[in-house]
Structures are given as C-alpha cells and as structure tokens.
Number of protein chains: 2
Amino acid sequence: MIRVDFTPEQFKVAIATSVIVFGFDGENLKVLLGKKSGNPFEGAWIVPSSVVNVDEDTTDVARRLLKKITGTDSWHLEKLNGFADLYRNPQGRVINMAYYCTVRLDLNIEDRLEKENYSWFNLNETPSLAFDHNEILDYARERLKRRVKRRPIGFSLLPKEFTMYNLQRMYECALSKNFDKRNFRRKVLKSNLLIEMDKKTRSSSRAKRPSKLYKFDEKKYRTLSLKGYDFVYQ
Amino acid sequence: MIRVDFTPEQFKVAIATSVIVFGFDGENLKVLLGKKSGNPFEGAWIVPSSVVNVDEDTTDVARRLLKKITGTDSWHLEKLNGFADLYRNPQGRVINMAYYCTVRLDLNIEDRLEKENYSWFNLNETPSLAFDHNEILDYARERLKRRVKRRPIGFSLLPKEFTMYNLQRMYECALSKNFDKRNFRRKVLKSNLLIEMDKKTRSSSRAKRPSKLYKFDEKKYRTLSLKGYDFVYQ
DNA sequence: ACAAAAGTGTTACACTTACACCCATGT
DNA sequence: ACATGGGTGTAAGTGTAACACTTTTGT
C-alpha cells in the first residue's frame, strides 16, 4: 500500500508561471524578454512571468499575462513543463509552470510592448537571464523545433500572406538548418496546403524583385488532420 | 519592468512526485501500479508516488522511491512534466512532478514488489487510477514512444541478451504498430549495433525452435552518439 | 551596370514496403 | 503429426539530396 500523506509543513511552496513568446520578423526568429524590477535580480533580463495564487489555474494566469503584454490572448499557448529545482528562486521554494506561445509580428503590438518595457531579441542573441530562465528558454526552443517539424505551427508566426523566402527562413531558424531552395519549395508545395495568391511583394528590404505570396489553407488542413494527416517538415 | 513578488499567502502549495515504471516481459510492455492506503482514494490503484518536502529535490525523492520499490535506483529515470491542475488533489493544492523509468524484469525484483504490494499490468489493461494518474500515465506512454523511436532506450527494458522476436515485440508494444519480420531484422541489423551471440534460446514459452541471441553494443553506440548518430526506428 | 533574390528540373541514391516459403524444434 | 516461431531475398515505389543557371527588379 502506498501512503501519500501531507502535513501542514509541506504546504509551503509557491507557484509562478512564465510564457516564452516567439515571433518572426520575416527573416529571423525572435523572443520577447523584459527587465525585472524589485528584488531579487533587479534589472536583470527575464522571460515574461507572473505569480500564481494558490487558488488559480496556471493556464489562466499565463493567458492573462499574455493578454496584458500583447493586448490579446488569442495566441497558440502550450504548456511546456514544471521547473522545480530547489534553489531556482532565492525567495523560497517556487515551482515555475512554463508555457510558450507563437505570435504574429505583423499585427501591431509594438506600442503596448514598449509601454510594458519588453523587447524582442533574435533567438541566437539572447542575453543571460535571471533565475533558471535560460534553461526554460532552451526548453522552449527545443519544443518549438519539435512542433514546427511535425505540425504547421510555424504558420502562426507568419503573416496571413507570406513569400517562399519567408517560409523557408522560418523553417531554417526554427530547425537551425539550411535548406536547398528548390527542394524546399517542391516539398512544401507537394502538400497542396499552400494557396498561391495573385499578389506579389518583396520578401525583405534587401530584396529587389518581388515574389509571389502564398497563404496557408487552414480549412483543408483541418479536414486532412481529422484523417490523421499532418504537415511534416524535416 | 516585470514584478514577480510573492506574499506569504502564496507559499501554500505542496509537492508530490510520481514515477511511472515500465517493464517488458519479452512479449508485452508492463507498468507498475500500487494500491493507495489512507484518505483520499483508499484502495484505489495509483502510480508509485511520494510526498516531497519543501527542502527536497524532486529527482532525489523520485530516486529514493524507485530504490524503495525495486531495490536499486540505477535505472534510467527521466523527468516528464509538472502536473498542477487546481483540483487534482482534494487535500489541497499539490503539484506533481512526474518521472518515468525503464527497468529490466529479468533482474529479480519480484519478491520486493510483492512485499510492497505493487503489481505489473499490461499497458493496455490498466485499471482506472486515482487523482490525475491516468493522465500522467498516458503522458508517460507518449514520452516512452517518442524516446524509443529516437534512441535505443528500449534496450534498457530488455535483458542483456535477447532474441529478434523480443526486440521486435518491444518496438511493436512501445510504438503500437506491427512490423514485418524481414524488414524489421534488416533495419535493426543495418545499424551494426547488435552483436550476435553464439547462444540460442526460446523467445517465449510458446516458441519451439530456439533462436539466436543478440546484445546491444553499448560501447560502439556511445562512440557513435558522440558524433551525432542515434539509433532511430520509426 | 550591378546586386539580390526569384524562379525553375534532373539525376542518383537511400530507404521503405510488400510479399511467401521452407526450417528446426518441442509437444 | 502438428504447431510455432526462426530464418531468409527481391523488386517496385517513394522520398531525399545534390546540383547551376537565367530572370526580374530596385538602386
């Protein structure tokens, strides 16, 4: 028989939640970081975080945090893991339930971010973070990588309409790998989930010749995924 | 600036840990379950679990639990996730940091298990469990599946020496999929990580003709994995 | 003129899948 | 005798990876 009996002294732990927010500017993956105020680690960079009360659901708090930062909570939010190392927070035993989400940078959430003192960092130029937030960020990157490989989640980082160059860069950043342009295009077009638009645009400020715009066929994808299909790239 | 300030009322959470223990009897995957004593859920089946004190490391407690149950803690133990649903435990807010491990059933840990009142269940014949332990078990099965696909972790479930039949059954159970015998053998032998023994044995009690024994070449695998190689089956 | 990305096919190789029969042994 | 897994090869198809040049446009 297994005993799992708690005494009052064992109810002395607190909960925090962090949300790793990923964005994509058309060429590079970004992550949102902010500066911590108050002790400990005053002024250090951290991942967006919040305290969770004993009677609060961690996902609810994470969503609220997201709404406060970005103005909406309609983003794809996914639980990562609990981080429970003994000395991760000098103020006491705190368990961090971490999430990540993907946002579209073309919807203007910038003003709000500046008011809240958050900034975007390129994923491979992130500063050293307080607490165990570097570990959490690394964990989130791995999760994003896995998801992008197996599902069309990367499209939630792109604007509604995007060029092949944008799409390829997104895959290259998320998977830390370069692809052959011809092979890449053939492979993603084979899925029949990209709709070619009649419009063109320039993929980046450096680009001279405009390129075709595509959008992701959400409806078709939903139908196919009911039958077990998924949008895989690896 | 981000404020993450805790008040004393927020330090009122407790920590538990559970370990999902997987085994393999040569033909089927098993999981270890025990009966709960004391309130709540007296007599219900649960996954091996323990309270974690505020000053204890969850991994340490999980290892201790594993040693108490199986007599040794030298098994492959891996953190799964934190489970923090508001009402997962009726006694208060309890966060469960869950782990899984793989054990070899040919090492006789059976006596000890009986004393502790644990039993092995076939993975597809598990009873309904107390708390959110069914959710945790499902999570563990998914993780095992993923790991078995990408790494030779399945070998830690098999005896030192095993037959092709055993190996194939292990993959079939872990991945919930049947494989063609000829294709399976060709594929795993191609890795050159199986050493053919000069011995033979019967793969199961039903088998009549004895079959060759193989062992996994741990040394070679360690060398290769330094170079980024891994033992993949999918 | 020049720079920069847009756009486009073919070939070789590797891997996956489907498939069927005889063999050795224990009961 | 018979039941059970042990053991073996081939061929078709699918997917992946490597590879280079012309076109269009903005500066």
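- Note that K35(A) lies in the cation-pi zone of W45(A), set by a 6.0 Å cut-off to the ring centre and a 45° limit from the axis.
- Residues L158(B) and F24(B) have side chains in contact (heavy-atom distance under 4.5 Å, counting atoms from C-beta outward).
- In this structure, of dA6(C), dG5(D), dG9(C), it is dA6(C) that holds the atom nearest to the side chain of R185(A).
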Run the side-chain hydrogen bond (donor to acceptor under 3.5 Å, both in side chains) test on W75(B) and T70(B) for me, step by step, so that the C-alpha distance in whole Å, both residues' side-chain angles and the decisive distance to 0.1 Å come before the verdict. CA-CA 10 Å; W75(B) 310 110; T70(B) 65; 3.0 Å; yes
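- Ranked by how close their nearest DNA chain D nucleotide is to the 5' end, K181(A) and K190(A) are led by K190(A).
- R186(B) contributes a side-chain N or O that forms a donor-acceptor pair with the base of dT10(D) under 3.5 Å.
- Separating the CZ atom of R169(B) from the C1' atom of dG5(D) is a distance of 13 Å, rounded to the nearest angstrom.
- The main-chain N or O of V47(B) is found under 3.5 Å from a side-chain atom of S49(B) such that the two form a donor-acceptor pair.
- For F184(A) and dG15(D), the CZ to P distance is 17 Å, given to the nearest whole Å.
- We find that CZ of R182(B) is positioned 16 Å from P of dT16(C), with the value rounded to whole Å.
- Across residues 200-215 of chain A, S203(A), R206(A), A207(A), K208(A), R209(A), P210(A), S211(A), K212(A) each have a non-hydrogen atom less than 4.0 Å from an atom of DNA chain C (numbered order).
- Ranking dT8(D), dT16(D), dG9(C) by closeness to the K187(A) side chain, first place goes to dT16(D).
- For an aromatic pair to be called close, the ring centres must be under 6.0 Å apart, and Y233(B) with F179(B) satisfies this.
- Figure legend: K149(A) and Y171(A) shown without cation-pi pairing, the cationic atom not lying both under 6.0 angstrom from the six-membered ring centre and within 45 degrees of its axis.
- dT11(C) atom C1' lies 14 Å from atom CG of D180(A), rounded to whole Å.
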